[in-house]
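Heads up, the thing below is written out as structure tokens.
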Number of protein chains: 2
Amino acid sequence: MTVQQMAQLDATFSALSDGTRRAIVARLADGEATLSDLATPFDMSLTAVSKHLRVLSDAGLVDIEKRGRTRHCRLRGAPIKEAVDWLSKYESFWIDRFDALARHLAKEDSE
Amino acid sequence: MTVQQMAQLDATFSALSDGTRRAIVARLADGEATLSDLATPFDMSLTAVSKHLRVLSDAGLVDIEKRGRTRHCRLRGAPIKEAVDWLSKYESFWIDRFDALARHLAKEDSE
DNA sequence: ACTTTACTCAACCAATTAGTTGACTATAAT
DNA sequence: ATTATAGTCAACTAATTGGTTGAGTAAAGT
């Protein structure tokens, strides 16, 4: 694993360690959105959301395109894939718990 | 998604955002190890490694058992699975086209 | 009994993070 | 031409992070 790959994983996991940013990722999975669109649901300043978006952009998770006075954001999958690939190496530690957890989550969902 | 599940994801991704901690996870995937074992490869104090281990332990990724004067550490899979589950929701963004098509066809076949 | 080993704990430091506000720029609408 | 919208930028704050050192404790080896 190269230094750059390490730095990419650092950035990806770090970007995803914040709930606001994960919510932004979830929102962008439904399609492109502007910064203002993304900021609306959050009880924080536009500047704060802009900073979160910058973290996601720096980590390569989000692509920001300037279009007139709006910034249009798209989700980029490559870094997520790298994170999943890393986690998959330790699959044997969690795969056998699949059924138990699935039942647990299904139960919580129904509550 | 509950507040606790959010906090767990925060903790898991945050714990994994540091290369030293990922290396510890990788080492523990090969089997149980003591704190001193884990600290050996790193160019930092035992205290520093102890702190990293505490972060992993707080996030539930590692189980620490006191045995005499040594601490024995084991990898726990559940939080990793939760992280993978979260990331999997955005699978369509990172899976390569070939795999995505294969999956799509497999799904159609089974229907 | 003494020493070494395997740690923990507290205090400190520098850098980073997540948020704020106020001032600014650029674009679009009226 | 004026005004409203979308966003940036700089400065500030409080909390957290990743590291250090030095002192202390508890268990094991000699």
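Remember, it's a predicted structure, so these values are computed and weren't measured experimentally.
- Residue B/L38 contributes atom CG, which lies 13 Å from atom P of C/dA6 at whole-angstrom precision.
- Mapped onto DNA chain C by nearest heavy atom, B/H72 and A/K66 fall at different nucleotides, with B/H72 at the one closer to the 5' end.
- Across the protein-nucleic acid pair, A/H52 atom NE2 and C/dG19 atom C1' stand 8 Å apart, rounded to whole Å.
- Atom CG of A/L53 and atom CD1 of A/I64 lie 4.0 Å apart (nearest 0.5 Å).
- A chain of hydrophobic side-chain contacts below 4.5 Å, direct or via other Ile, Leu, Val, Met, Phe, Trp or Tyr residues, connects A/W86 to B/L56.
- At a threshold of 4.0 angstrom between heavy atoms, the contacts of A/T34 are confined to the sugar-phosphate backbone, with no base atom among them.
- Contact check of residues 9-33 of chain B against DNA chain D (heavy atom, cut-off under 4.0 Å) returns B/D18, B/R21.
- Residues A/V84 and A/Y90 share a single hydrophobic cluster, defined by chaining ILVMFWY side chains whose heavy atoms lie under 4.5 Å apart.
- Between the CZ atom of A/R69 and the P atom of D/dT5 there is a distance of 8 Å, rounded to whole Å.
- To the nearest 0.5 Å, the span separating CZ on B/R27 from CZ on B/F42 amounts to 10.0 Å.
- Look at CZ on A/R54: it is 14 Å from P on C/dT16, rounded to the nearest Å.
- Candidate nucleotides D/dA6, C/dG19, C/dG22 were compared by shortest atom distance to the side chain of A/T70, and D/dA6 ranks first.
- Distances shown here put a side-chain N or O of A/S50 below 4.0 Å from the OP1 or OP2 atom of D/dT8.
- An OP1 or OP2 oxygen of C/dT8 is reached within less than 4.0 angstrom by a side-chain nitrogen or oxygen of B/R71.
- Between atom CG of residue B/D85 and atom CD1 of residue B/I80 there is a gap of 12.0 Å, rounded to the nearest 0.5 Å.
- We find the CG-CG distance between A/D30 and A/L75 to be 10.5 Å, quoted to the nearest 0.5 Å.
- For the pair A/D43 CG and C/dA18 C1', the computed distance is 14 Å after rounding to whole Å.
- The number of heavy atoms from other shown groups lying within 6.0 Å of CZ (B/R54) does not exceed 12.
- A/L61 is connected to A/L87 through a chain of hydrophobic side-chain contacts under 4.5 Å among Ile, Leu, Val, Met, Phe, Trp and Tyr, so both are in one cluster.
- Spacing between atom CD1 of A/I64 and atom C1' of D/dT8 amounts to 12 Å, rounded to whole angstrom units.
- As rounded to whole Å, 16 Å separates atom C1' of D/dG7 from atom CD of A/E65.
- In this structure, A/D18 CG and A/H52 NE2 are separated by 4.5 Å, a value rounded to the nearest 0.5 Å.
- The backbone N or O of A/S14 sits less than 3.5 Å from a side-chain atom of A/S17, completing a donor-acceptor pair.
- Axis angle between the ends of the helix from C/dA1-D/dT30 to C/dT30-D/dA1, five pairs each and rounded to 10 degrees, works out to 20°.
- Atom CZ of residue B/R76 and atom CG of residue B/D63 lie 6.0 Å apart, to the nearest 0.5 angstrom.
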Below 3.5 Å is the cut-off: list the nitrogen or oxygen pairs between protein and nucleotides 13-16 of chain D, distance only.
none

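- In this model, the phosphate group of C/dT20 is approached by a side-chain N or O of A/S45 to a distance below 4.0 Å at OP1 or OP2.
- Using a 4.0 Å heavy-atom distance criterion, A/L35 is classed as a sugar-phosphate-only contact.
- Counting any heavy atom pair closer than 4.0 Å across all strands shown, B/K51 reaches a base atom.
- The distance from atom CG of A/L46 to atom C1' of D/dC9 is 13 Å, rounded to the nearest whole Å.
- Residues B/L38 and B/V25 share a hydrophobic cluster, clusters being chains of Ile/Leu/Val/Met/Phe/Trp/Tyr side chains in contact below 4.5 Å.
- Within the 4.0 angstrom heavy-atom criterion, only backbone atoms of the sugar-phosphate kind lie near B/S36; the bases stay farther away.
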